[in-house]
Amino acid sequence: MTSKASAEPEDLAELEQRAGALRDENFGPEVFVRGVIEVSNYCRQNCNYCGMRRDNRGLKRFRLKLESLREIVRHALPDIITDLNLQAGEDPVAVREIILPLIETIREETNLGISVCLGTLDSKLYDELKQAGASYYIIKMETGNRDHYREIHAPGTFDQRLAAIRHLAETGWAVSSGFIVGLPGQTEAHIEEALDLLGSLPLAGASVSPFIAGEQTPFSHHPSCDFERTIECIAQLRLRNPGYIIPAISALNLINENGYVRALRAGANLATINLTPSASREDYLLYRRGRFIMHEQRVKTAIAKAGCSISEVSIAETVRQRGCELNQAKTISL
Ligand code: SF4
């Protein structure tokens, strides 16, 4: 089932406005800007909604070279980014051989905050990543419902994923999670469960991603999400979690040309510049080919159009300063 917007257009406009105002109250109109590098598209998981799933034999796999990544870090970072996110399929080889030494380089040679999005790993690897210098771990729940989690073949089990989030938070990571709107089999009750779950976990941030049928996946023929419902969920996420760091997702622009700006207006406060070398970007197949790439100018334009400004303080520093205060102000009810 594809979820339809549950609010009337004028109610949705009011909801977005309230969510944007709440973001301003808690963070000001400043939007964090991070860079992302997609280091590897190898993945040992088999999620039905993702083109990088292990059973997709038609995908050209890549692991970027450590030295070429160091060159990006040394010479090709936009001035406006305060954080760098290293992302990959669930690929422990890339973590050990590329990402760990790259984090050490970033820590030694820049002042950037370091985020990672690397899937469910063993606790020793989490510790090594943190010791190397990363502080923010992105690990999505994708859905708030245990049975639905199994049906979409999300990584491991629902309970293992929850345990990973709690373990990361208990061991000193700032953790961000998230869910996807419009997944096949999703009901309105599942969306409520996802919002409830994201509000109850020990998180510093969370995301709402649009379901876009992935090429070469079991879900390739399913319709994409309802755009207005996705924006509504971003606003709801903000209203329930005033202190969360909430990203605008570039794929929103694949379903609405104003998608990124609408997400910022609805309370998102994080924009991402894609720094993956162009030769590899199309094979990082989370959705479909023909990705919407946010480069520096597009990010600047979207932030200005949303009436926001660029944060000079990093996510890492903000989370460090605010500590557990980040999620204490859950006083707004819908
Ligand atoms: S969503 Fe992540 S874990 Fe699942 S197949 Fe894609 S890259 Fe792998």
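Numbering of ligands and ligand atoms starts at 1, following listing order.
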**Student:** Considering only residues two or more places apart or on different chains, which pairs with a residue in residues 79-91 satisfy salt bridge (Lys or Arg N to Asp or Glu O under 4.0 Å)?
**Tutor:**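 Every salt bridge (Lys or Arg N to Asp or Glu O under 4.0 Å) pair that includes a residue of residues 79-91, provided the two are not neighbours, is Arg44-Glu90, Arg63-Asp91.
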
**Student:** For Glu38, enumerate each residue passing the salt bridge (Lys or Arg N to Asp or Glu O under 4.0 Å) test, keeping only those at least two apart in sequence or located in another chain.
**Tutor:**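 Scan of Glu38 (salt bridge (Lys or Arg N to Asp or Glu O under 4.0 Å), adjacent residues dropped) gives Arg291.
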
**Student:** Return the set of residues passing salt bridge (Lys or Arg N to Asp or Glu O under 4.0 Å) with Glu104 (not counting sequence neighbours), or none when no residue passes.
**Tutor:**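 Here no residue qualifies.
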
**Student:** Answer yes or no for atom 8 (Fe) of ligand 1: protein heavy atom present at a distance under 4.0 Å?
**Tutor:**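 For atom 8 (Fe) of ligand 1 the answer is yes, since some protein heavy atom falls inside 4.0 Å.
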
**Student:** Run the ring pair (Phe, Tyr, Trp, His ring centres under 6.0 Å) check on Tyr137 and Tyr126 step by step: do they pass?
**Tutor:** CA-CA 9 Å; Tyr137 205 103; Tyr126 294 143; 5.3 Å; yes

**Student:** Indicate whether the side chain of Asn256 and that of Arg262 have a donor and an acceptor atom separated by less than 3.5 Å.
**Tutor:**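 The answer is no; no qualifying pair exists.
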
**Student:** Ignoring waters, how many protein N/O/S atoms are under 2.8 Å from atom 4 (Fe) of ligand 1?
**Tutor:**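 For atom 4 (Fe) of ligand 1, the figure is 1.
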
**Student:** Under a 3.5 Å cutoff, is there a donor and acceptor pairing between the side chains of Asp55 and Asn46?
**Tutor:**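 Yes, side-chain donor-acceptor contact under 3.5 Å.
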
